[in-house]
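As the structure is a prediction and not an experimental result, all values here were calculated from the model.
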Amino acid sequence: MRGWMRDLSDLALPTECGGCGSPPAVLCARCRALLERAEPRRVRPVPEPPGLPVVHAAAPYAREVRALLLAHKERGALALIGALGAALAGAVRAGLGPEPGRNTAESRAGPVILVPVPSARWAVRRRGHDPVRRMALVAAGRLRRAGVPARVAAVLRQRRPVVDQAGLDARRRRENLAGALEVRAGGAHLLDGGRVVLVDDLITTGASLAEAARALRATAGTRRDRDMPVYRGATREGREEQRTGPRSQRGTSVHGAPEKGPTDIIGRVVRAAVIAAPRDSFE
């Protein structure tokens with residue numbers, strides 16, 4: 001009910017742009033263009049946490065884009081969901097490769113299954129909505145309209161309470177989230193036969209996406225056919241090895257050996273997509 005009331009108020013009452021604050025539209029043309037004309041690219045936080053999937057982001061997390069995400073998430077500006085969901089769909093497509101709906105090999109791989117990273121239950125209650133799940137639903141619709149079979153499978157849940165991540169450094173975020181997520185009972189079968197893409201609104205340290213991938217890996221390890229695409233690790237032999245040197249040299253581990261790609265226990269890949277990431281994490 002609260003979500004419907006917010007939607008109606010956005011339509012009925014004059015408002016200002018959620019990105020730059022200019023009246024009277026909830027999203028002005030300039031801020032809309034920041035999302036619609038974004039060119040999604042791969043992003044990698046430093047240090048990169050073990051188990052982080054290959055992540056693509058639509059836009060840098062700065063100024064107007066940051067304001068738009070916060071307006072939707074924290075202030076319930078639900079009229080922004082269309083533009084944000086479209087940006088997320090673009091990041092998903094970038095991670096799938098060129099023309100995923102027309103590529104024969106990709107088509108045989110099954111539909112795209114968007115798995116939202118769940119928010120803490122207390123956060124959903126406080127906000128009155130689940131922003132990432134909303135964006136995932138819109139993104140799936142955009143993908144289908146573009147000819148890419150897609151659906152949302154909200155199969156992850158928090159198995160224990162976590163504290164607010166704000167103010168925590170990368171190490172403490174990993175500790176806060178370690179073992180916090182699991183796949184809901186009966187949820188694993190919803191992932192069968194598809195290309196799983198974890199989705200979130202934002203990546204900072206990568207702790208949330210790495211924990212989400214771990215939860216999927218744990219489920220995959222219990223399935224007889226072991227066909228769930230999961231990511232073993234961002235570093236050589238799955239061990240946590242901090243990269244050194246300029247971004248152009250990140251393909252080499254600190255031991256000097258070529259870094260392994262994002263391969264899981266059976267050679268398949270789990271992907272991840274977000275709307276925004278810190279500017280210095282873009283490749």
Side-chain angles (χ1 to χ4, degrees), residues 18-19 31-74 80-81 83-97 114-119 131-136 138-139 142 164-174 176-177 196-214 231 233-235 242-243 246-251 259 261-262 269-283:
C31 291
R32 182 181 296 277
L34 290 175
L35 295 174
E36 292 183 347
R37 298 176 186 175
E39 297 182 3
R41 289 182 291 157
R42 185 176 178 181
V43 293
R44 303 175 80 170
V46 178
E48 187 172 346
L52 182 70
V54 173
V55 186
H56 283 75
Y61 186 62
R63 300 181 61 180
E64 290 89 347
V65 172
R66 178 179 183 274
L68 289 169
L69 286 173
L70 290 176
H72 173 257
K73 177 190 286 188
E74 304 296 347
L80 297 173
I81 188 62
L84 294 173
L88 182 59
V92 171
R93 287 179 64 92
L96 295 174
L114 304 185
V115 178
V117 174
S119 300
V132 176
R133 186 170 183 175
R134 281 181 180 272
M135 289 185 282
V138 173
R142 291 284 185 137
D164 191 348
Q165 295 275 81
L168 301 183
D169 61 20
R171 178 184 62 81
R172 293 173 64 194
R173 287 189 178 208
R174 291 196 301 270
N176 182 42
L177 291 173
V196 175
V197 182
L198 290 164
V199 294
D200 207 347
D201 59 344
L202 171 68
I203 181 174
T204 50
T205 66
S208 296
L209 287 170
E211 169 58 18
R214 183 212 59 78
Y231 181 70
T235 54
Q242 182 172 344
R243 292 177 177 75
R247 189 171 298 274
S248 62
Q249 297 177 0
R250 287 186 181 177
E259 180 183 73
V269 175
V270 68
R271 305 162 173 91
V274 298
I275 293 174
R279 192 179 298 275
D280 60 3
S281 67
F282 281 81
E283 291 192 339

Could you tell me which non-hydrogen atom of Ala136 sits nearest to which non-hydrogen atom of Leu114, and how far apart they are? O-CD1, 3.6 Å
Contact between Arg63 and Leu34 at the side-chain level, heavy atoms closer than 4.5 Å - yes or no? no
So do the side chains of Leu209 and Val274 get within less than 4.5 Å of each other, counting heavy atoms only? yes
Any idea which heavy atoms bring Val138 and Ala86 closest together, and the distance? CG1-N, 4.4 Å
Separation of Arg171 CZ from Thr205 OG1 (nearest 0.5 Å): 12.5 Å
NZ of Lys73 to CE of Met135: how many Å apart, nearest 0.5 Å? 7.0 Å
With a 4.5 Å heavy-atom cut-off, do Val55 and Ser281 have their side chains touching? no
Distance check, rounded to the nearest 0.5 Å: His56 atom NE2 versus Glu39 atom CD? 12.5 Å
Looking at every heavy atom in both Val65 and Ala59, which two are closest together, and how far apart are they? CG2-CB, 4.1 Å
Working to the nearest 0.5 Å, report the span between CG of Leu70 and CG of Leu80. 11.0 Å
How many angstroms lie between atom CG of Leu68 and atom CD1 of Ile275, to the nearest 0.5 angstrom? 9.5 Å
Do the non-hydrogen side-chain atoms of Pro131 and Asp201 ever get within less than 4.5 Å of each other? no
Looking only at heavy atoms, which two atoms of Ala213 and Gly51 are closest? And how far apart? CB-O, 3.6 Å
Heavy-atom pair of closest approach, residues Ala207 and Pro49: N-CG, 4.3 Å
Interatomic distance, His72 atom NE2 to Glu74 atom CD [nearest 0.5 angstrom]: 11.0 Å
Which heavy atom in Gly19 sits nearest to a heavy atom in Ala67, and how many Å separate them? O-CB, 3.4 Å
Got Val199 and Val92 here, is their nearest side-chain heavy-atom distance under 4.5 Å? yes
Under 3.5 Å: donor-acceptor pair, side chain of Arg271, backbone of Val197: no
